[in-house]
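Since the structure comes first, as structure tokens, the remarks are kept for the end.
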Amino acid sequence: MDPIALLPFIVIIGAMFLMTRSAKKKQRQAAQMRDQMQPGTGIRTIGGMYAVVKEIREDTVLVEIEPGTHALFAKNAIGAVLSDEEFDRITNGPEGEEFDVDTVVPDDASSLTEGGESSDAKLDLAKKGPEDGEPAEAAEGKDADEDEAKSAESSKEPEAEKAKADTAESKDRKRDEDADSK
């Protein structure tokens, strides 16, 4: 066998070894980080929620999201254990100011638009004419002319409908005869 032919396989096996090694290293670091948790420590979950550890159990962690609000998370859901200074900076703002939680969020997005239109503005729901968007009153004169042309055509329509009905009846008769013969 040619040793050069084995070279791609050796490279692939080496790459797989390095990837599994780095993954194991990351898992070990995450386990060490979770072991550093103690009651009173600030954490960030993998979902981005900040909380304070209240109680550590075998596979879960009881955290306090805000005073009086507790939640139970799996230990694997803890994304980072934060230092006290970093946790205070994130939760209280850069100068220790509390976040404004009294902000009112509107029920719909209409008040968030920047346009000068108010939501109380009445829409023009008048029927528009077929040409150039003219109001229905202006289009009435044209409609009368069109109605006369349509009435002339409508006198021809009963004959066409009768012919269509005859062909439909003949198709139905043929289908019934075919069904009876089977």
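Here the structure is a predicted model, which means the values were calculated and not measured.
- In this structure, T60 contributes its side chain and R57 its backbone to no donor-acceptor pair below 3.5 Å.
- Separating the CG atom in L7 from the CD1 atom in I12 is a distance of 10.0 Å, to the nearest 0.5 Å.
- Side-chain heavy atoms closer than 4.5 Å link hydrophobic residues (I, L, V, M, F, W, Y) into clusters, and following such links, even through other members, never connects L62 to I65.
- No more than 12 heavy atoms of other residues, nucleotides or ligands lie within 6.0 Å of CD1 in I4, so this atom counts as exposed by the packing criterion.
- Hydrophobic clustering (side-chain heavy atoms under 4.5 Å, transitive across Ile, Leu, Val, Met, Phe, Trp, Tyr) groups I78 together with V53.
- The shortest distance between side-chain heavy atoms of K75 and I56 falls below 4.5 Å.
- Legend: residues meeting side-chain hydrogen bond (donor to acceptor under 3.5 Å, both in side chains) with E64, ordered by chain and number and at least two apart, are K54.
- Minimum interatomic distance between Y50 and T91 (heavy atoms only, all atoms of both residues): CB-CG2, 4.1 Å.
- Here the side chains of V61 and R34 are not in contact, with every heavy-atom distance at 4.5 Å or above.
- The hydrophobic cluster containing I46 does not contain L82, counting ILVMFWY residues as joined when their side-chain heavy atoms lie under 4.5 angstrom apart, directly or transitively.
- The local environment of CE in M33 is crowded, with over 12 non-hydrogen atoms from other residues, nucleotides or ligands closer than 6.0 Å.
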